[in-house]
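Heads up: the structure comes next, in structure tokens.
In this text, all values refer to a predicted model and were calculated from it rather than measured experimentally.
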Amino acid sequence: MINFVSFGQGKPLILIHGFCESKEMWITFSQELAKTHTVYCIDLPGFGESPLQQDSITLEEVAVMLHDWMEENRIYHPTVIGHSLGGYITLALAELMGNGLAAIGLFHSTAFPDDAEKKKTRNKTITFIKKHGVYKFIDSFVPPLFSEQHRITHKNRIEELTALGKKSSKKGVLGYLAAMRDRKDRMEVWKNFNGKKLMIAGVLDGAVKIEGSRMHKPYTDDYFELQEVGHMGMFEAEQETLIILQEFLKKLG
């Protein structure tokens, strides 16, 4: 079951949160974007209020679940924008649905798979969580998502996101760590997608390096780099990123 909220009227826009996040992270954006679109904010299975039944999950399986959810709710030809893990799932959806999506956006995400170093980090994290649990992991996971200078100015937001992250199920956290580690290269999916494509990258992003983001630029309709921003541009540069999304959606007509 996919738990979701929807706002507004107009063409459908689906916002997909990242790892250890939930639909609540989009509250500010959804209220503004709902002035022109029907905005759907979902909880991925294993996060927020969406349960994960199985012990393991793949991005392809999540894409099928989301496709079925769209069919059940009569959501046709949506624009899909995903943050981080949500971007990986957006690409899996694009591979599955092709022209069934109107446009896609990667928000601090990438079409590239994990490299060897990142895979090692994922494995260490899996071992840590099995030993110490989700709560202890979230306390150390959330703050570095923000650039160093924003960890002080966004202290309250970090506390809110930490609290939301602690609602993530252990099964979900472990399942998605393995799914992200094992995901395939979808650069060809990004290159060949026929609809409009948006990428928002943080120059100081420690999770998705800016050098990799720049390799997407030749195949991207709207590409933006956020200065002094880490992995959480929707909070670190809230107004700037909201305007970017609004302008992108406006171009789609």
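Looking only at distances, no side-chain donor or acceptor of Glu72 sits under 3.5 Å from a matching main-chain atom of Trp69. Side-chain N or O atoms of His108 include one that pairs as donor or acceptor with a backbone N or O of Gly233 at under 3.5 Å. For Lys23 (side chain) and Gly48 (main-chain N/O), no donor-acceptor pair under 3.5 Å exists by modelled atom type. Between the side chain of Glu61 and the main chain of Thr58, a donor-acceptor pair closer than 3.5 Å is present. Put simply, the side chain of Thr38 never gets that close to the backbone of Ala34: no donor and acceptor are under 3.5 Å apart. Side-chain atoms of Ser169 come within 3.5 Å of backbone atoms of Gly172 as a donor-acceptor pair (strictly under, hydrogens ignored).
Using a 3.5 Å distance cut-off with no hydrogens or angles, the side chains of Ser147 and Glu236 do pair a donor with an acceptor. A donor-acceptor pair shorter than 3.5 Å cannot be found between the side chains of Ser109 and His83.
Counted within 6.0 Å of NZ on Lys217, heavy atoms from surrounding residues, nucleotides or ligands total 12 or fewer; the atom is thus considered open. Shown here is Glu148, whose CD atom has no more than 12 heavy atoms of other residues, nucleotides or ligands within 6.0 Å. Within a 6.0 Å sphere centred on CE of Met1, other residues, nucleotides and ligands contribute more than 12 heavy atoms. The environment of NZ in Lys191 is crowded: more than 12 heavy-atom neighbours from other residues, nucleotides or ligands sit within 6.0 Å. Shown here is Gln9, whose CD atom has no more than 12 heavy atoms of other residues, nucleotides or ligands within 6.0 Å. Counting heavy atoms of neighbouring residues, nucleotides and ligands inside a 6.0 Å radius, atom NZ of Lys167 does not exceed 12 of them. When the shell of 6.0 Å around OH of Tyr135 is examined, it contains 12 or fewer heavy atoms from other residues, nucleotides or ligands.
Ile244 and Leu242 fall within the same hydrophobic cluster, where Ile, Leu, Val, Met, Phe, Trp and Tyr residues are linked whenever their side-chain heavy atoms come under 4.5 Å apart, directly or through other members. Taking hydrophobic clusters as Ile, Leu, Val, Met, Phe, Trp and Tyr residues chained together by side-chain heavy-atom distances below 4.5 Å, Val5 does not share a cluster with Leu15. Met232 and Ile210 fall within a single hydrophobic cluster, where Ile, Leu, Val, Met, Phe, Trp and Tyr side chains are chained together by heavy-atom contacts under 4.5 Å. Connection of Met97 to Leu13 is established within a shared hydrophobic cluster, with ILVMFWY side chains joined at heavy-atom distances below 4.5 Å, either directly or through further cluster members. When the side chains of ILVMFWY residues are joined at heavy-atom separations under 4.5 Å, either directly or via intervening members, Ile16 and Tyr76 end up in two distinct hydrophobic clusters.
We find the CG-CG distance between Asp43 and Leu52 to be 12.5 Å, quoted to the nearest 0.5 Å. Separating the CG atom in Leu174 from the CG atom in Asp55 is a distance of 9.5 Å, to the nearest 0.5 Å. Rounded to the nearest 0.5 Å, atoms CZ (Arg151) and CD1 (Ile158) are 7.5 Å apart. Note: Leu164 CG to Lys166 NZ = 11.5 Å, rounded to the nearest 0.5 Å. If you take CG on Leu226 and NE2 on His231, they are separated by 12.5 Å, rounding to the nearest 0.5 Å. Residue Glu238 holds its CD atom at 10.5 Å from CD1 of Ile243, rounded to the nearest 0.5 Å.
Taking the six-membered ring for Trp and thresholds of 30 and 60 degrees, Trp26 and Phe107 have ring planes inclined between 30 and 60 degrees apart. Classification of the Phe146-His154 ring pair by plane angle, with boundaries at 30° and 60°, yields tilted.
Across all their heavy atoms, Ala94 and Ile104 have their closest contact at CB-CD1, 4.2 Å. Closest approach of Pro51 to Glu49, counting heavy atoms only: CD-O, 3.5 Å. When all heavy atoms are compared, the tightest approach of Asn99 to His77 is O-CE1, 2.9 Å. Summarising the geometry of Val173 relative to Ser168, their closest heavy-atom pair is CG2-CB, 3.7 Å, with the distance given to 0.1 Å. Ile75 approaches Pro12 most closely through the heavy-atom pair CG2-CB, 3.8 Å. When all heavy atoms of Ser50 and Asn3 are compared, the pair lying nearest together is OG-N, 2.7 Å.
With contacts defined as side-chain heavy-atom distances shorter than 4.5 Å, the pair Leu93/Leu66 qualifies. Between Ile2 and Asn73, the closest side-chain pair of non-hydrogen atoms is not below 4.5 Å. Considering only heavy atoms from C-beta on, Val229 stays 4.5 Å or farther from Thr241 through its side chain. Within the 4.5 Å cutoff, the side chain of Met25 has heavy atoms near those of the Phe235 side chain. Counting heavy atoms from C-beta outward, Leu204 and Gln227 have side chains that stay 4.5 Å or more apart. With a 4.5 Å cut-off on side-chain heavy atoms, Thr28 and Ser30 do not count as touching. Using a 4.5 Å cut-off on side-chain heavy atoms (C-beta onward), Thr162 and Asp139 make contact.
Using a 4.0 Å cut-off between charged nitrogen and carboxylate oxygen, Glu117 and Lys120 do not count as a salt-bridge pair. Using a 4.0 Å cut-off between charged nitrogen and carboxylate oxygen, Glu225 and Arg214 count as a salt-bridge pair. Between Glu160 and Arg157 there is a salt bridge, since a side-chain N of the basic residue sits under 4.0 Å from a carboxylate O of the acidic one. Comment: Glu247 does not engage Lys251 in a salt bridge, judged by the lack of any side-chain N to carboxylate O separation of less than 4.0 angstrom.
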Under the side-chain contact (heavy atoms from CB on, under 4.5 Å) rule, what do Asp222 and Lys196 come out as? Steps first, then yes or no, please. CA-CA 8 Å; Asp222 287 18; Lys196 294 290 186 183; over 6 Å; no

Report the C-alpha separation of Leu44 and Val62 in whole Å, then their side-chain angles, then the decisive distance to 0.1 Å, and conclude whether the side-chain contact (heavy atoms from CB on, under 4.5 Å) test is met. CA-CA 8 Å; Leu44 292 170; Val62 178; 4.0 Å; yes

Pair Leu249, Leu33 - check side-chain contact (heavy atoms from CB on, under 4.5 Å), show working. CA-CA 9 Å; Leu249 293 170; Leu33 298 174; 3.9 Å; yes

Quick one, Phe137 with Cys20, criterion side-chain contact (heavy atoms from CB on, under 4.5 Å). Give me CA distance, side-chain angles, the key distance, then yes/no. CA-CA 10 Å; Phe137 164 67; Cys20 293; 4.1 Å; yes

For Gln54 and Ser56: C-alpha separation, side-chain torsions, deciding distance, then whether side-chain hydrogen bond (donor to acceptor under 3.5 Å, both in side chains) applies. CA-CA 6 Å; Gln54 62 263 48; Ser56 63; over 6 Å; no

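Of the residues listed (Thr125, Thr121, Asp114, Asn123), the one engaging Arg181 in a side chain to side chain donor-acceptor pair (under 3.5 Å) is Asn123, and it is the only one. Tested against Leu106, the residues Leu91, Val208, Ile200 include a single side chain to side chain contact (heavy atoms under 4.5 Å, CB included) partner, Leu91. When each of Phe112, Phe193, Phe224, Tyr223 is paired with His216, the ring-ring contact (aromatic ring centres under 6.0 Å, His included) condition holds for Phe112 and for no other.
In this structure, the ring of Phe47 has its center less than 6.0 angstrom from the ring center of His17. Taking the six-membered ring wherever Trp is involved, the centroid distance between the rings of Phe19 and Phe141 falls below 6.0 Å. Between Phe7 and His37, the ring center distance fails the sub-6.0 Å criterion.
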